[in-house]
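These notes are about the structure you will find just below.
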Number of protein chains: 2
Amino acid sequence: MAKLADIARAAGVSSAVVSRVINEDRTLRVSEATRARVQKAIKDLDYAPNIAAQTLRSSKSGLVAVILHDVTNPVYAEILRGAQASAAQNGKALLVFDSATGAESANRLAAMIGGGALDGLVIQGAGEVSDLVLARAATRKIPTILLQADLDIDACLISLPDEAAADTATRHLLDHGHRRIGCLATVEGMRFTESRLAGYRRALGDAGIDPRDSPVVFSAPEIEAGTEACSRLLGGNPDLTAIVCFNVLSAIGAMKALGDAGRQIPDDVSIVAVHDVPFADVLKAPLTTVAMPLFEMGQKAIQLVSDGVPDTQLLAVDSPPPTLIQRRSVATPNR
Amino acid sequence: MAKLADIARAAGVSSAVVSRVINEDRTLRVSEATRARVQKAIKDLDYAPNIAAQTLRSSKSGLVAVILHDVTNPVYAEILRGAQASAAQNGKALLVFDSATGAESANRLAAMIGGGALDGLVIQGAGEVSDLVLARAATRKIPTILLQADLDIDACLISLPDEAAADTATRHLLDHGHRRIGCLATVEGMRFTESRLAGYRRALGDAGIDPRDSPVVFSAPEIEAGTEACSRLLGGNPDLTAIVCFNVLSAIGAMKALGDAGRQIPDDVSIVAVHDVPFADVLKAPLTTVAMPLFEMGQKAIQLVSDGVPDTQLLAVDSPPPTLIQRRSVATPNR
DNA sequence: TATCGTTGGTAAAGCGATTTACCAACATCG
DNA sequence: CGATGTTGGTAAATCGCTTTACCAACGATA
């Protein structure tokens, strides 16, 4: 394949000039005439700079790794979409890793980080990220962004309007007259879980309900886990008339559990879930959700690694704000 | 960061020896004593080879780009999961591009291909891939695998057991006594659409039904497109008692259309869809599907670019075979 | 006229790993 | 004893691009 030196020869200039033309270094001088000659040579020979050489020289690879808990999960996929969009604009490409894939994958990633192949690292997921990866990222000072995953490392954390979302969801149920509202939360101890819990409790408190009387169970953001957790919730509290789910997937799992228990949605139990999905209105009970700025979170993450991670350790993506999307999983309680 | 020369110095050997130790070149001679010294130095300095330098030298980057039509689509995401698994085992990392993301993204990809940064290219999607990308991949002789996307280029194409899947789906409806079975197909003219159509028609023919009497409409594999196409299908053929959908997402769209038209599933109209999704049984009507080896297709694709693309132009992933998953979207026709 | 700034360009030193060619030292063998 | 391998190791040339340092030519300025 044609290399820079070939272009230089074809255009009758030195390679330095070609480099300047390519990188559009406007501060450095190259006459219009030669610039045109060089550009013609580039076109003629279908030249493209060797990425490895550029990376070696500049220590900028244009690569950002994104670690997702599970690509198949539509909620996370939406984050990825946002990241894609932003990456395209910033001239970056995205390396995608599934944190569930296992050790080989983690080793490969660690090798890339150690080998200076990454301009940044975006981590989403609840914490099953290889220590080697984290350690390497820290020592090599790779700009790292955490998406909700509050790992205990020194990196910038982007959060969603978690409290507001849970508040909105809970308040919606309250407005329909519900008083016995259970909570199907996300993983216990995580920062965003705590925030949502705070929103849930605030809404309850404002309605004059003692949050301590309202049951909470925790669940991984997956369908099966949601089913299991919801059974637990129902088992201990058969008189609930409504459930706030902190994740759509666990809400979907909850729908199964409710079905198995012979409870109708929304007639027997109402449900509101955080995060929207495209197929929400074709579910067994068209699901009322609170949409979150996931796309924007993905965008922001790439933006940050591109522009340089700020000193601020905690950042929030709160636009657009969490918005309630009413479908038909909420009704007035009949008990 | 530590580089190879640093290790060499620390271990008191030349850099060539270090390189041999790292690459475990068993044919070349290095005494156990020095090998140990070198390995200790590597550990002590937390050394990792610079990827860019390796790539520059060897012209092997360990990177494979995967172009998906839309990451958010759970069907494609499943392919990605398979690719991930295989990539991890073959020491490769995956660059993921959304073909819907636009021109900047395509240009970036083209630059990477031209710049020798890719060991392979896997393309899924119906054809909206930049010509520049395709042209570059061809001239640079990048191993390219097509996943159903039958672009008109010289590359290896992997297909699914399309005919069998459509046959299975159709036969299931036939077995329940349906005779007026419409088809909500995928994009017209694509090879895999034709194969599925062949399966659909074969099953019909075997049951003594003239396929020409059975209506077919085409649709992109997306929810909205499915809704629109299904309305068309219904509009022209109000007496249909069942529909075979060539894609779950269009099937979900169809469920909306059916709902809007006041038809109950499965009481008024039965549905079977190709491809399974995790939330199929919590849909308005628990959806009977034919699961396809999508994960395996993703795996195979990476396997092929790793091991070298075979001369064979057409490959099929047919294990596990398409399997019918019965839920409750199919009933005996009542008319 | 001597000096200075500007314009347009060149040569060459890296970036870090791999690999080829080469070389001591030492054992083996006829 | 001289030829012939084998073992364990070194030096240096790449891979292709960027960037620093340097230079010639030319007009402007004092």
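Here is the naming used below: chain letters follow the sequence lines, and residue numbers restart at 1 for every chain. In what follows, every heavy atom counts, from backbone to side chain, and hydrogens, waters and symmetry copies are set aside.
Looking at the side chain of B/S19, the nearest of the listed nucleotides C/dC15, C/dT19, D/dC17 is C/dT19.
Judged by distance alone, the side chain of B/R37 and the main-chain N or O of B/A11 form a donor-acceptor pair under 3.5 Å.
A straight line from CD of A/Q54 to P of D/dC15 spans 17 Å, rounded to a whole angstrom. Atom CG in B/L4 sits roughly 11 Å away from atom P in C/dG16 (whole-Å rounding). Rounded to whole Å, atom C1' of D/dG16 lies 13 Å from atom CG of A/N23. Atom P of nucleotide C/dC15 and atom CG of A/L56 are separated by 9 Å, given to the nearest angstrom. The separation between A/E24 atom CD and D/dC17 atom C1' is 17 Å, rounded to whole Å. Look at CE on A/M1: it is 14 Å from C1' on D/dG16, rounded to the nearest Å.
Looking at B/I7 and B/V21, their side chains never come closer than 4.5 Å, going by heavy atoms from C-beta outward. Counting only heavy atoms from C-beta outward, the side chains of B/D119 and B/V305 never approach each other to under 4.5 Å.
A salt bridge links B/R9 with B/D6: the closest approach of a Lys/Arg side-chain nitrogen to an acidic carboxylate oxygen falls below 4.0 angstrom. In this structure, B/D46 pairs ionically with A/R140, as a charged nitrogen and a carboxylate oxygen lie closer than 4.0 Å. Between A/D162 and A/R191 there is no salt bridge, since none of the side-chain N atoms of the basic residue sits less than 4.0 Å from a carboxylate O of the acidic one.
Counting all heavy atoms, side chain and backbone alike, B/H69 lies closest to B/D98 at O-OD2, 3.7 Å.
Near DNA chain D, meaning a heavy atom under 4.0 Å away, the residues from residues 42-51 of chain A are A/Y47, A/P49, A/N50.
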- In the 5'-to-3' direction, what one-character label does each nucleotide of nucleotides 5-13 of chain D receive under the scheme B = base within less than 4.0 Å of a protein heavy atom, S = sugar-phosphate only, - = no such atom? --BBBBB-B
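Between B/F192 atom CZ and B/Q148 atom CD the span is 5.0 Å, to the nearest 0.5 Å.
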